[in-house]
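The block underneath contains the structure these notes are about, expressed in structure tokens.
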Amino acid sequence: MTKTQYAATGKKISLALASVAHHQAKIAVHNLLGEQHLLGGSQGASGLKLAGYYFASTGINQYLADFWQVPVRSTFVTQSTLSTLGDEAAGVPVYFKLYYSPKTLEILGGQILSTADQTQQINTISLAIKLHAILRDLADTDFFFQADLTNYWNIIAVAADHALTENGVSQ
């Protein structure tokens, strides 16, 4: 297994994820064909469904922060779904934890858990890590809203606002 740069820490690690292997293979083929492509690293995004719960994560978490001795802060928020359409019932709790640098407020990771499938939300955090976004970037993002489909405030923006408040940053 080829090591890849872990975007949340800048360290080279092995990530046993199909998405990482696919990306590495795609880059290798481009390079074999004479095109110059660089492997931009990975955020380690993954998810699963187990015992009726959907879980997804990306980037660093407290365990990895401790292991790699990376300073990290986190904020935890809960929100209920409002959707009344499709397969998702209204009022299902969604739990979200956002990890960030205490010094720069740069996004370093996230985790989401619910019995409603909210796993796609983690892709936003994965992109935020790759782009070196900070809390303010997420707090100020214009997330999609439609009354029958989503909450007025996206859980990611709520978490970023919460973290800014915890750090004494004015809204």
Pair H132, T104 - check side-chain contact (heavy atoms from CB on, under 4.5 Å), show working. CA-CA 10 Å; H132 303 283; T104 65; over 6 Å; no

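- Between the side chains of N154 and Q79, no donor N or O sits under 3.5 Å from an acceptor N or O.
- Contact record, D161 with A139: OD1-CB, 3.3 Å, taken as the closest heavy-atom pair.
- More than 12 heavy atoms of other residues, nucleotides or ligands shown are found within 6.0 angstrom of CG on D66.
- F76 and I60 fall into different hydrophobic clusters, where Ile, Leu, Val, Met, Phe, Trp and Tyr side chains are chained together by heavy-atom contacts under 4.5 Å.
- The two atoms that bring P93 and T78 nearest to each other are CB-CG2, 4.5 Å, heavy atoms only.
- F143 and I155 fall within the same hydrophobic cluster, where Ile, Leu, Val, Met, Phe, Trp and Tyr residues are linked whenever their side-chain heavy atoms come under 4.5 Å apart, directly or through other members.
- In the displayed structure, L50 atom CG is contacted under 6.0 Å by at most 12 heavy atoms of other residues, nucleotides or ligands.
- Counting heavy atoms from C-beta outward, L127 and L131 have side chains that approach closer than 4.5 Å.
- D117 places a side-chain N or O within donor-acceptor distance of the main-chain N or O of T119, the cut-off being under 3.5 Å.
- Y100 contributes atom OH, which lies 10.5 Å from atom CG of L108 (distance to the nearest 0.5 angstrom).
- There is a path of hydrophobic side-chain contacts, each under 4.5 Å, that joins V77 to L138.
- Hydrophobic clustering (ILVMFWY, side-chain heavy atoms < 4.5 Å, transitive): Y63 and Y99 are in one cluster.
- In terms of heavy-atom proximity, S114 sits nearest to A116 at OG-N, 3.0 Å.
- Put simply, the side chain of D137 never gets that close to the backbone of A133: no donor and acceptor are under 3.5 Å apart.
- One finds the CD1 atom of I122 at 9.0 Å from the OG atom of S46 (value rounded to the nearest 0.5 Å).
- L135 and A163 make their closest contact through CD1-CB, 3.6 Å (heavy atoms, listed as atom of the first residue, atom of the second, distance).
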Show your reasoning for whether side-chain contact (heavy atoms from CB on, under 4.5 Å) applies to L64 and V70. CA-CA 8 Å; L64 293 174; V70 174; over 6 Å; no

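- Side-chain contact between V169 and L105 is present, with heavy atoms from C-beta onward closer than 4.5 Å.
- Counting non-hydrogen atoms of neighbouring residues, nucleotides and ligands closer than 6.0 angstrom, the OH atom of Y53 reaches no more than 12 such neighbours.
- Put simply, the side chain of V92 does not reach to within 4.5 Å of the side chain of Q118, judged on heavy atoms.
- The CD atom of Q121 lies 13.5 Å from the OG1 atom of T58; values are rounded to the nearest 0.5 Å.
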Dump the intermediate steps for side-chain contact (heavy atoms from CB on, under 4.5 Å) on L164 and R136, then the final yes or no. CA-CA 8 Å; L164 287 169; R136 173 63 64 205; 3.8 Å; yes

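- Connection of V72 to F67 is established within a shared hydrophobic cluster, with ILVMFWY side chains joined at heavy-atom distances below 4.5 Å, either directly or through further cluster members.
- The shortest side-chain heavy-atom distance between T115 and Y54 does not fall under the 4.5 Å cut-off.
- Annotation for L98 and G109: closest pair CD1-O, 3.5 Å, computed over non-hydrogen atoms.
- No side-chain donor-acceptor contact under 3.5 Å links Y95 and Q111.
- In summary, the side chains of S74 and Q62 do not present any donor paired with an acceptor at a separation below 3.5 Å, with no hydrogens or angles considered.
- At a threshold of 4.5 Å between non-hydrogen side-chain atoms, the residues I134 and I107 do not count as touching.
- Using a 4.5 Å cut-off on side-chain heavy atoms (C-beta onward), I156 and F96 make contact.
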